[in-house]
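Computation of the quantities below employed the complete heavy-atom set of this structure, encompassing side-chain atoms and omitting hydrogens, waters and symmetry-equivalent molecules. Numbering of ligands and ligand atoms starts at 1, following listing order.
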Amino acid sequence: MSTKETLIQYLNEDLAAEYGTIIRYSYQSGKAFGLMGSELRALLAREIADELGHAAFLNDVIVDLGGEPVTTPATFDKPESLREMLVRDEQMELQDVKNYVAHAELADKLGFVELKLKLEEMAADEAGHARELRRILKGM
Ligand SMILES: [Fe+2]
Ligand SMILES: [Fe+2]
């Protein structure tokens with residue numbers, strides 16, 4: 001079903017995921033120690049800023065489409081080791097890429113040109129986050 005309501009529902013899932021990521025990265029920053037931890041904290045701070053931008057955009061678009069934005073974050077696991085956290089973070093970023101690409105296609109089908117391009121840009125942002133996480137993981 002390719003309707004505006006379906007698109008609003010997907011964008012709300014994306015918004016909940018963004019909120020979850022912001023909380024997850026804030027939590028993980030507090031659990032990052034030492035020399036490696038300081039690089040990770042800087043990376044997470046940059047990514048949190050990006051995710052806040054994504055969430056702000058999604059709020060505006062959902063309202064513009066006539067929907068009601070969610071305010072509840074997606075839940076997430078809290079693995080014991082920092083390495084395991086980052087492995088899951090990378091997987092979740094790659095899942096976000098897939099979601100944004102799929103939702104961009106739906107936006108395109110419905111004729112929302114700006115939304116299509118912006119969602120593709122956000123997919124690229126998430127792919128960049130995954131790449132930066134892989135860099136950190138290589139050094140662990
Ligand atoms: Fe994001
Ligand atoms: Fe991200």
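- Computed with the Fe ion (ligand 2) at the centre, the Glu93 OE2 to His129 ND1 angle is 100°, stated to 10 degrees.
- The Fe ion (ligand 1) has His54 among its coordinating residues (N/O/S atom, backbone or side chain, under 2.8 Å).
- Among the atoms of Glu51, an N, O or S atom is found under 2.8 Å from the Fe ion (ligand 2).
- Thr6 and Thr3 form a side-chain donor-acceptor contact under 3.5 Å, judged by distance and modelled atom types alone.
- With 2.8 Å as the limit, Glu18 counts as an N, O or S neighbour of the Fe ion (ligand 1).
- Counting only N and O atoms by type, the side chains of Glu51 and His129 include a donor and acceptor under 3.5 Å apart.
- At least one N/O/S atom of Glu126, whether from backbone or side chain, sits less than 2.8 Å from the Fe ion (ligand 2).
- No donor-acceptor contact under 3.5 angstrom links the side chains of His103 and Glu13, judged on distance only.
- Taking the charged nitrogens against the carboxylate oxygens, Arg46 and Glu132 do have a contact shorter than 4.0 Å, which makes a salt bridge.
- Side-chain contact between Tyr100 and Glu120: absent, with no pair of heavy atoms (C-beta onward) separated by less than 4.5 Å.
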